[in-house]
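The next block holds one structure in the form of structure tokens; read it before the comments.
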Amino acid sequence: MRPLLFLLCLQAGILSAKTLSTKTAAGILQRTEDASEAAVQSCTDAELELAAVQLASPPPEGQKRTFPTCRASPQQALGWSEEDDKLPTASLSQAHANLSKTKKSSHLLHIYVVQSNSDWCPSPCQGPTWELAAPKATEGSGYHLVEAAIWRQERRVAFYHFDQEWYETARRSNSKLCDGGGWACEAYQKWREDRRLAEFGPWSDEVDGSPEKLSTFLREAFQEILHLANQRAPDAKYVTLTYSGHGARADGALFQGAVSVSDTSTLLQNFTQVLSTKTSAESPRISLLNFGGNCAEARWNMLHELHAFADWIVASDLDVGGFQMTPEESKTADMSLIKKLGDLKTIKNGAEAGESINQIAASIVRAKGELWEKVYQPTISRQKLPQSISAFKSFESFPPLEAALRTSYSQTASADAFDKGASDAMCDVFSFLSMAEIHGAERSVELVNLFKALRPEYSSTQSMVSEWPSKSNGLGFNWRGWKEPPCDLQPITN
């Protein structure tokens, strides 16, 4: 992480706190010394839209989230109504018709996971934050959304189901639940927890002080959560899992490393065994693991550990977000596109339209590129901010590439030359595979083609950035140093 840029490694990849401290965002997430002035100011709808985007996302490291202190009218709400951006009626009608042909079977089950802490919402958390992020499922569609929160500040894990009616009240918590006294109150906390399906914890001081014991606790909790989620849509054709939060070591550990690599493997092995018994499922694996909002998760070791459990994995090889919009940029940008082109909305739209998981994975990547172009292009160009997103066909296409690269290593005259080539490529996989002097001309072509099969969908801000990292093409080897060579090639060389 680079604190000076206020990077947000999260699902929306949205605005930095710096943006909202300008006069154009007065009353939103103000510094403490401005609170008394903001309290007498009326909120604009644009300010509340921006506040919702911020509250729904994990704060940058060292920053805190606070609720708007401007004065909202009883008609105003945080964010956007689900009614504002539904699929066109014709698309939904066709989707429902498609589902009716299969006896209204479920199309896609989406498990959305977040990790909250005291910087995001101090304990007890009594206001809407991460719950605002995921668009809720349209009743009667083939899309099923369930949500799980790792409450680090409360030492518990909770599993929820929220519908659109619940969401519309939550975004109006100031007037509907808190009697106009602010967005956070005990009544909101009860409103959220009444939709809780299961709870695990609180975990003990001993568990809290031991990463290994906490990993075991979380593995056991999520084993039950995944089982409960599957029970809510046992006939789902596809199952996706999204994690909203910061990136970590990109080594195959889940939830910013909170669940260790070995515990993650055990958890996903058990879940895929359950999925293998579903006659409705297209494959006996998780259809899509969505890490597209986590910083630099598109690394070789992550794919090495997780490819067997997922047909698709979406991730970025770069830091995600960090946009610092100027007042003029924020005025001219259509901020509603942050939600409409976000991956959570894209998954919902695709599921409710009956799209295949291949189509949904491609749509996530293309929508992110459209978001960069339509909302953030001036900011990206000014900040020279590289962004990328890739969809990897992990189960089918990672093993052939890894096997071919192992063969290349075994036939290379000098292991040192192999390591040096990877370092010269700055651990960028595509750049390294393209080195005919290392692999030989014929094998290099084979490796590049295998890479393209693995990463069929890719979008970046390269056309908007004058100083693009020369060695960045969507997937990197893990670093052995601190974000620099030498590269970790052990999965290939051992």
Side-chain angles (χ1 to χ4, degrees), residues 11-12 79-112 133-147 161-165 167-168 229-230 232-242 244 275 278 280-283 285-290 292-293 310-314 334 336-371 373-375 389-393 456-459:
Q11 287 314 120
W80 298 270
S81 170
E82 294 292 346
E83 298 294 328
D84 295 340
D85 54 0
K86 282 184 177 179
L87 280 176
T89 303
S91 297
L92 281 177
S93 298
Q94 183 59 51
H96 294 164
N98 292 342
L99 290 170
S100 67
K101 293 176 184 178
T102 57
K103 299 182 180 180
K104 290 188 179 293
S105 63
S106 302
H107 189 68
L108 187 146
L109 169 65
H110 187 188
I111 304 162
Y112 177 60
K136 312 313 174 191
T138 302
E139 185 177 358
S141 73
Y143 177 57
H144 297 267
L145 172 70
V146 289
E147 305 179 53
H161 174 254
F162 306 122
D163 57 22
Q164 290 187 354
E165 182 180 359
Y167 169 81
E168 290 300 331
N230 183 61
R232 294 189 67 85
D235 57 346
K237 185 175 183 179
Y238 302 113
V239 177
T240 68
L241 187 149
T242 292
S244 175
L275 295 179
K278 296 177 63 164
S280 60
E282 186 172 85
S283 85
R285 291 170 291 279
I286 296 170
S287 309
L288 170 67
L289 285 173
N290 179 24
D311 293 317
W312 288 90
I313 298 177
V314 172
D334 182 356
S336 69
L337 291 177
I338 293 174
K339 179 178 180 180
K340 292 178 181 179
L341 295 173
D343 45 5
L344 302 177
K345 181 64 175 172
T346 301
I347 291 171
K348 176 192 172 185
N349 283 353
E352 294 189 347
E355 292 180 354
S356 72
I357 200 64
N358 295 7
Q359 291 172 309
I360 291 172
S363 293
I364 291 172
V365 173
R366 293 167 190 172
K368 186 61 69 73
E370 188 176 352
L371 177 65
E373 179 182 353
K374 291 186 175 180
V375 177
I389 187 79
S390 298
F392 300 101
K393 208 166 187 178
E457 300 292 340
Y458 174 69
S459 185

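To the nearest 0.5 angstrom, Asn358 atom CG is 7.0 Å from Tyr238 atom OH. Interatomic distance, OG of Ser356 versus NZ of Lys237, reported as 7.5 Å (0.5 Å rounding). Distance CG/Leu145 to NE2/His161: 7.0 Å, rounded to 0.5 Å. Rounding to the nearest 0.5 Å gives a distance of 10.5 Å between OG of Ser363 and CD1 of Ile347. A distance of 10.5 Å separates CD of Glu168 from CG of Asp163, quoted to the nearest 0.5 Å. Between atom CD1 of residue Ile389 and atom OH of residue Tyr458 there is a gap of 10.5 Å, rounded to the nearest 0.5 Å.
Judged as a side-chain contact (heavy atoms from CB on, under 4.5 Å), and not counting sequence neighbours, the contacts of Lys278 are Asn230, Ala236, Val239, Leu275, Ser280, Ala281.
Considering every non-hydrogen atom in both Gly292 and Asn290, the closest pair reads N-OD1, 3.1 Å. Considering all non-hydrogen atoms of both residues, Trp80 and Tyr167 come closest at O-OH, 2.8 Å. For the pair Ser106 and Asp235, the tightest heavy-atom approach, listed with the atom from each and the gap, is OG-OD1, 2.9 Å. In plain terms, the two heavy atoms of Leu341 and Thr346 that are nearest each other are O-OG1, 3.9 Å.
Between the side chain of Glu457 and the main chain of Ala361, no donor-acceptor pair closer than 3.5 Å is present. Checked by atom type and distance alone, the side chain of His107 pairs as donor or acceptor with a backbone atom of Glu355 at under 3.5 Å.
Thr242 places a side-chain heavy atom less than 4.5 Å from the side chain of Leu344. The shortest distance between side-chain heavy atoms of Lys345 and Pro135 falls below 4.5 Å.
Other residues, nucleotides and ligands place no more than 12 heavy atoms under 6.0 Å from the CD atom of Glu165.
Taking 4.0 Å as the cut-off between side-chain N and carboxylate O, Lys136 and Glu147 count as a salt-bridged pair.
When Lys348, Glu352, His110 are each tested for a side chain to side chain donor-acceptor pair (under 3.5 Å) with Tyr143, only one passes: His110. When each of Ile360, Ile357, Ile111 is paired with Thr240, the side-chain contact (heavy atoms from CB on, under 4.5 Å) condition holds for Ile357 and for no other.
With 3.5 Å as the limit, one finds no donor-acceptor pair spanning the side chains of Asp311 and Ser287.
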